[in-house]
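To start, the structure itself, in structure tokens.
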Amino acid sequence: MTDGSRADGDGLTRLWGGRFGQGPSQVMDRINVSVAFDRRLADQDIAQSRAHVRMLADQCIVDRSDADAILDGLDRISQEIATGQFAFKAEHEDVHMNVEARLHELIGAPAGRLHTARSRNDQVATDFRLWVRDALDRLDEGLQALQSALLAQADRHAATIMPGFTHLQSAQPVTFGHHLMAYVEMLARDRSRVADARRRLNECPLGAAALAGTAFPIDRRATASSLGFDRPMANSLDAVSDRDFALEYLSVAAICAVHLSRLGEEIVLWTSDQFRFVRLSDAFTTGSSIMPQKRNPDAAELVRAKSGRVIGHLTGLLTVIKGLPMTYSKDMQEDKEPVFDADDTLSVSVAAMTGMVADMNADPDTMKAAATAGFPTATDLADWLVRVLGMPFRDAHRVTGLLVRDAERRGCGLADLDLSAMQAVEPRITADVHSVLGVDSSVHSRKSEGGTAPDRVRQAIAAAREAYL
Ligand code: ARG
């Protein structure tokens with residue numbers, strides 16, 4: 001049979017088949033059927049149907065005995081899904097009609113009452129919101145675990161000195177603990193975006209029906225609250241056509257994935273032979289099939305790369321929704337795969353990052369040696385000239401530049417310049433200057449709020465544990 005042919009005879013067996021004489025063509029099924037992916041909404045769909053039918057019975061829209069039969073049937077379907085026995089069928093198009101069709105098989109006529117005062121439009125919007133809400137909650141937990149792993153390493157390395165970079169050039173010495181705490185803060189913002197998105201998402205579309213509401217005396221507050229929503233959505237048209245919650249999920253996920261990609265990139269750098277700041281555990285390293293000496297940071301590279309997929313999904317869904325007229329259009333069926341894939345991608349990235357961070361071994365000696373190269377205390381020297389000699393900072397900057405040039409010519413560090421060489425540039429310099437030229441004193445002196453001094457870092461760790469764990 002070619003794709004253009006029609007599968008005759010099943011028009012009437014479809015739940016919407018009443019007005020059709022023939023079934024859809026195979027190619028129509030191929031483009032239309034969504035059960036292969038939207039079956040992931042099955043638990044949410046059943047929870048929603050339970051809430052809906054209870055409300056229908058409470059409002060005397062459906063007989064109690066029919067409602068009980070429906071609830072029993074839904075319990076059995078739930079069991080079948082949990083044990084992998086449920087047969088999802090493409091002929092029923094999507095998860096909603098698969099569940100309803102099975103309900104008909106199990107309980108017969110009363111099943112036909114479940115869809116009273118409901119449309120697949122408010123149904124899918126409700127299911128998907130429930131699913132994304134769970135995804136946000138899982139993401140928050142995952143990010144908290146990653147923060148906890150980062151905090152443990154930060155605690156271990158609150159006083160471990162490493163080069164701080166700007167432009168990936170050595171800038172000023174910092175502590176490794178301080179550096180890791182930067183990521184703890186980034187993830188805290190990600191988590192606050194999660195909480196924010198969840199708050200806005202948590203309104204219930206159910207009861208909007210197809211688009212205009214319903215003439216049945218439903219109680220939207222009851223269904224909203226039994227599904228854990230804060231309230232029903234205010235406008236029925238908006239309720240069935242809004243996909244902001246999916247877009248917000250993808251935005252939150254994309255920003256978070258970008259944060260992880262930055263840490264992934266740093267781990268790639270730190271584990272390279274040129275840096276050797278960090279060694280990953282065997283559990284998070286792979287070998288090369290040809291070069292026996294290799295320990296490749298594949299997980300870090302993949303976390304870095306996978307951010308691309310999540311960003312792509314955000315762009316993709318924005319493009320799908322852009323320009324859609326009110327209210328529901330089938331275009332919206334394209335909202336699920338990007339969100340599902342973003343969730344799969346991000347959860348494995350967060351888990352891999354947590355594993356890598358928890359197991360990684362930093363090498364303080366190598367880090368400190370690297371921190372000493374490249375005149376990292378030049379700013380400390382300039383500050384000394386300002387503080388002790390009362391020079392304006394701009395003059396101090398120029399004098400320090402001359403001293404750096406001198407040290408560079410001699411092939412030594414600033415701390416190795418002797419006093420007479422320094423005084424040749426600025427006669428008022430005294431021996432006291434050497435007290436600020438070491439990387440330890442530099443790091444310890446940066447005590448300003450949010451600075452890298454080990455005591456500040458320990459304070460920041462304590463505050464973060466209190467606030468985030
Ligand atoms: N599978 C559909 C979706 O995900 C369900 C809603 C279908 N509604 C409709 N009017 N055809 O969007």
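Counting convention: from 1, in listed order, for ligands and their atoms alike. For this chain, numbers begin at 1 and follow the sequence in order.
- Of the protein's non-hydrogen atoms, Q333 OE1, 3.2 Å is the one closest to atom 2 (C) of ligand 1.
- Contacts classified as side chain to side chain donor-acceptor pair (under 3.5 Å) and involving residues 311-321 (residues at least two apart or in different chains) are given here: H313-D341.
- Screening residues 350-360 for side chain to side chain donor-acceptor pair (under 3.5 Å), with sequence neighbours left out, gives S281-D359.
- Near S34, meaning under 4.0 Å from one of its heavy atoms, ligand 1 places the atoms 1 (N).
- Inspection of the Q48 and T126 side chains reveals no N or O donor paired with an N or O acceptor under 3.5 Å.
- The nearest protein atom to atom 11 (N) of ligand 1, hydrogens excluded, is given as R120 NH2, 3.6 Å; this is a heavy-atom distance.
- For the pair R138 and W131, the distance from NZ or CZ to the six-membered ring centre is under 6.0 Å and the angle to the ring normal is within 45 degrees.
- Residue contact annotation: E93 has no non-hydrogen atom under 4.0 Å from ligand 1.
- Less than 4.0 angstrom separates some heavy atom of D94 from each of these atoms of ligand 1: 1 (N), 2 (C), 5 (C).
- Within the cation-pi definition used here (under 6.0 Å to the ring centroid, within 45° of the axis), R133 qualifies as a partner of F229.
- Heavy-atom proximity to K336, at under 4.0 Å, picks out these atoms of ligand 1: 3 (C), 4 (O), 12 (O).
- For ligand 1, the atoms sitting less than 4.0 Å from at least one non-hydrogen atom of N121 are 8 (N), 9 (C), 10 (N), numbered in the order shown with element in parentheses.
- Of all protein heavy atoms, the one closest to atom 6 (C) of ligand 1 is Y328 OH, 3.4 Å.
- Side-chain contact of R262 with H259: a donor-acceptor pair under 3.5 Å is absent, judged by distance alone.
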